[in-house]
Amino acid sequence: WGLENDDETTRQVIRRAINSPGDFVLKPQREGGGNNVWGQDIVTKLSVASVADRSAYILMERIKPRSAQTALLRLGQLHRGQALNEVGVYSCFIGDGDGSVHLNSQAGHLVRTKFTGVDEGGVASGYAVLDSPLLL
């Protein structure tokens, strides 16, 4: 959810996040990892943030996947433990103001694997490793 509005729908989702912060993540509108807001810090931030301040974030409901025993290779060292996958799908969209769509297509995917209990998911920041899907 975008948080740039001060309407009833936005206030309602903010109340949900404050009441159940473990079910949400507050993400800044930038890449890089390590900047997300989790847990009780969501309550603190959303309780005092102005509309202008919170417009720099999006609020996402957490997906809680099953974990599996996994071996991860990071910096040449093997690490074993319970882990989970995050799948990102890339797309391309080009449109204009009159509603014409010039391009709308899938452009690839990325699978990241990280140990359970790790909130962040950035590969470059060392929280996760790149992986490949195996469809069964």
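- For the atom pair OG1 (T44) and CG (L26), the distance works out to 11.5 Å, reported to the nearest 0.5 Å.
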Next on the checklist: For a side chain to side chain contact (heavy atoms under 4.5 Å, CB included) check, start with the C-alpha distance between E4 and R54, then their side-chain angles and the critical distance, and finish with the verdict.
Outcome noted: CA-CA 7 Å; E4 66 277 2; R54 71 180 193 224; over 6 Å; no
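- At most 12 non-hydrogen atoms from other residues, nucleotides or ligands lie less than 6.0 angstrom from CD of Q77.
- When atom types are taken as modelled, the side chain of S100 and the backbone of D98 share no donor-acceptor pair closer than 3.5 angstrom.
- Of all heavy-atom pairs between Y57 and K45, the closest is OH-CE, 3.4 Å.
- One finds the CZ atom of R15 at 10.5 Å from the OG1 atom of T10 (value rounded to the nearest 0.5 Å).
- A continuous path of ILVMFWY side-chain contacts below 4.5 Å connects V118 to V129, so both sit in one hydrophobic cluster.
- Side-chain atoms of Q82 come within 3.5 Å of backbone atoms of Q69 as a donor-acceptor pair (strictly under, hydrogens ignored).
- Linking ILVMFWY residues whenever their side-chain heavy atoms come closer than 4.5 Å, directly or via other members, leaves V25 and W1 in distinct clusters.
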Item to check | N85/R112 under side chain to side chain contact (heavy atoms under 4.5 Å, CB included): CA gap, chis, key distance, verdict | outcome: CA-CA 6 Å; N85 302 104; R112 293 180 294 214; over 6 Å; no
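- Here T9 contributes atom OG1 and I14 contributes atom CD1; the two are 11.0 Å apart, rounded to the nearest 0.5 Å.
- Exactly one residue among K64, R16, R62 makes a side chain to side chain donor-acceptor pair (under 3.5 Å) with D23. That residue is K64.
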Next on the checklist: Working note: N36 + K27, criterion side chain to side chain contact (heavy atoms under 4.5 Å, CB included); need CA distance, chi angles, decisive distance, verdict.
Outcome noted: CA-CA 5 Å; N36 296 336; K27 299 182 89 167; 3.6 Å; yes
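- Once rounded to the nearest 0.5 Å, the distance linking OG of S50 with CG of D6 reads 10.0 Å.
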Checklist entry - After noting the C-alpha distance and the side-chain angles of L110 and L130, does the key distance pass the side chain to side chain contact (heavy atoms under 4.5 Å, CB included) rule? => result CA-CA 7 Å; L110 174 76; L130 292 176; 3.1 Å; yes
